[in-house]
Amino acid sequence: MPELPEVETIRRGLEGRAVGRQIVDTEVCHPRPVRRTSAHHLIEGSVGATISGLKRRGKYLIIVLDSGHEIMIHLRMSGQIIAAARRESRPRHTHVAFILDDGQELWFIDPRTFGEVVAFDPLQLETTIPELAGLGPEPDQISLAELRRILRTRRRQIKALLLDQTVIAGLGNIYGDEILHWARVRPDRRSNSLSPLSERRLHTAIGAVIANAIAAGGSTLGDGQYVDVSGASGSFQHAHRVYGRAGQRCLTCGRGWIRRVVIAQRSSHFCPVCQR
DNA sequence: GCCCTAACCTGCGCGC
DNA sequence: TGCGCGCAGGTTAGGG
């Protein structure tokens, strides 16, 4: 579910609610989210510390503690983070709960248990969370020249390249499709086959789609799975032009019909008229 | 470097 | 009503 815009929306929500609060207790109710280390490790690394900041890298959310340690949360496919009053009953699949000193709790909820919550020492990042250390640049920080270098030195299908977190951090299946539509590039094009104009359009599209999605609070699909920390839905799904619209007429050109193909084992949606 | 498959899990919608 | 099937926003490992 959550890609960069959803994680950024969660980060901003937590920033307003949790910074300056002390974690007085941490409850681990399921071993899967703490599988990388242990429940004991997360509890030891969090209880008694005060939250001094919230960071994000790609789809990784990072809680910064005054102890010098940090907590990494990755939501993967079905994870949610909800801030609620302590008196409220926890929903099903609440696997980790951070209890704060102001009567709030932060819940990590994850039906499919792919997500992770890991306390770590930032000085040991390379060994503890190597994939976080190896992320590519943020979409809003990559220059046109850098993007061109990446595109021209590889020949993978462009959609697969955009999904590769070591190339650009934070893009997922929804925004990959929307970016390629905005850029008018077919998802199965080889990255080194793009014209200079298409490269420029792709660079613009990456920045614009992600910025617009963040401004809209992310995308909440029909299953309602993604919500922000207060349980509110995003609205960028109303701006989707291709994702989830297979078989429908293209909203951009009005002539093509949105097709669904599989690229890199993921469904990809595009307009064969607009995107070349 | 790149591609493909399998795996990790649960929930939901659909067809029969 | 109930069952089986396919599919789902992410990522890694292993083999070729």
Side-chain angles (χ1 to χ4, degrees), chain A residues 1-10 29-36 56-61 72-81 91-96 108-118 128-136 139 149-180 187-193 209-210 213-214 216-228 233-237 239-240 242-247 260-269:
Chain A
M1 160 186 60
E3 305 179 29
L4 189 157
E6 288 75 32
V7 179
E8 177 61 21
T9 303
I10 290 168
C29 313
H30 196 299
R32 282 268 303 161
V34 295
R35 60 193 176 278
R36 190 181 299 242
R56 180 194 54 73
R57 260 298 268 138
K59 302 171 193 172
Y60 293 75
L61 179 70
M72 177 281 278
I73 301 178
H74 198 304
L75 302 170
R76 296 284 176 103
M77 299 277 265
S78 61
Q80 291 180 337
I81 298 171
R92 198 174 169 212
H93 305 299
T94 302
H95 302 322
V96 176
F108 175 76
I109 304 160
D110 188 12
R112 291 169 73 179
T113 72
F114 289 178
E116 283 196 81
V117 182
V118 182
T128 319
I129 314 175
E131 66 274 24
L132 174 53
L135 286 177
R149 188 192 63 76
I150 291 167
L151 295 171
R152 293 177 184 185
T153 56
R154 325 207 183 193
R155 57 177 307 278
R156 294 169 79 178
Q157 291 177 308
I158 185 67
K159 172 73 183 291
L161 194 70
L162 292 180
L163 295 180
D164 186 336
Q165 301 300 297
T166 67
V167 174
I168 303 175
L171 304 184
N173 208 34
I174 296 174
Y175 297 109
D177 280 1
E178 295 299 326
I179 285 167
L180 288 169
D188 55 358
R189 281 280 295 275
R190 298 284 165 182
S191 68
N192 62 352
S193 76
V209 169
I210 293 301
I214 292 172
S219 302
T220 299
L221 302 186
D223 58 9
Q225 195 141 68
Y226 162 71
V227 288
D228 70 11
S233 296
S235 64
F236 194 69
Q237 67 280 4
H240 290 178
V242 286
Y243 182 80
R245 296 194 65 251
R260 176 186 175 277
V261 296
V262 175
I263 296 171
Q265 281 64 60
R266 317 304 301 277
S267 62
S268 297
H269 310 77

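Below, chain A is the first sequence line, B the second, and so on; all start at residue 1.
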Look for any protein N or O under 3.5 Å of an N or O in nucleotides 9-11 of chain B and output each such pair with its distance, or none.
unit_1 : atom_1 : unit_2   : atom_2 : d
B:dC9  : OP1    : A:Arg32  : NE     : 3.4
B:dC9  : OP1    : A:Arg32  : NH1    : 3.1
B:dC9  : O2     : A:Arg112 : NE     : 3.0
B:dT10 : O4'    : A:Pro111 : O      : 3.4
B:dG11 : OP1    : A:Arg92  : NH1    : 3.0
B:dG11 : OP1    : A:Arg92  : NH2    : 3.4
B:dG11 : OP1    : A:His93  : NE2    : 2.5

Inset, instruction - Applying salt bridge (Lys or Arg N to Asp or Glu O under 4.0 Å) between A:Glu131 and each of A:Arg57, A:Lys59, A:Arg36, report the one that passes. - result: A:Arg36
Legend entry - pair A:Gln157-A:Arg190: side-chain heavy atoms closer than 4.5 Å: yes
Inset, instruction - Name the nucleic acid region contacted by A:Arg35, choosing base, sugar-phosphate or nothing; use a 4.0 angstrom heavy-atom cut-off, strictly under. - result: nothing
Legend entry - Passing candidate, side chain to side chain contact (heavy atoms under 4.5 Å, CB included) with A:Tyr60, options A:Leu135, A:Val7, A:Ile73: A:Leu135
Inset, instruction - Apply side-chain hydrogen bond (donor to acceptor under 3.5 Å, both in side chains) to the pair A:His95 and A:Asp110, showing each step before the final yes or no. - result: CA-CA 7 Å; A:His95 302 322; A:Asp110 188 12; 5.7 Å; no
Inset, instruction - Working to the nearest 0.5 Å, report the span between CZ of A:Arg266 and CD1 of A:Ile174. - result: 10.0 Å
Legend entry - Whole-angstrom distance between C:dC7 and B:dT5, as gauged at atom P: 14 Å
Legend entry - OP1 or OP2 of C:dA8 under 4.0 Å from side-chain N/O of A:Ser267: yes
Inset, instruction - Taking the side chain as every heavy atom from C-beta outward, state whether A:Met77 and A:Gln225 have any pair of such atoms under 4.5 Å apart. - result: no
Legend entry - Base-contact (B) and sugar-phosphate-only (S) positions in nucleotides 1-7 of chain B, heavy-atom cut-off under 4.0 Å, - elsewhere: -SS-B--
Legend entry - Residue pair A:Thr94 / A:Cys29, side-chain heavy-atom distance below 4.5 Å: no
Legend entry - Distance, rounded to the nearest Å, where A:Met72 contributes CE and C:dG10 contributes P: 16 Å
Legend entry - Nearest-angstrom distance from the residue atom CD of A:Gln225 to P of B:dC12: 9 Å
Inset, instruction - Produce a footprint string for nucleotides 11-16 of chain C: one letter per nucleotide, 5' end first; B if the base is under 4.0 Å from any protein heavy atom, S if only the sugar-phosphate is, - if neither. - result: BS----
Legend entry - For A:Phe236, ring-ring contact (aromatic ring centres under 6.0 Å, His included) partners two or more places apart: A:Tyr175, A:His240
Legend entry - Non-neighbouring partners of A:Arg32 that pass side-chain contact (heavy atoms from CB on, under 4.5 Å), sequence neighbours left out: A:His30, A:Arg35, A:Thr113, A:Phe114
Inset, instruction - Determine which bases of DNA chain C form Watson-Crick or G-U wobble pairs with both distances under 3.5 Å, and write the result as a 5' to 3' dot-bracket string with | for other-strand partners. - result: .|||||||.|||||||
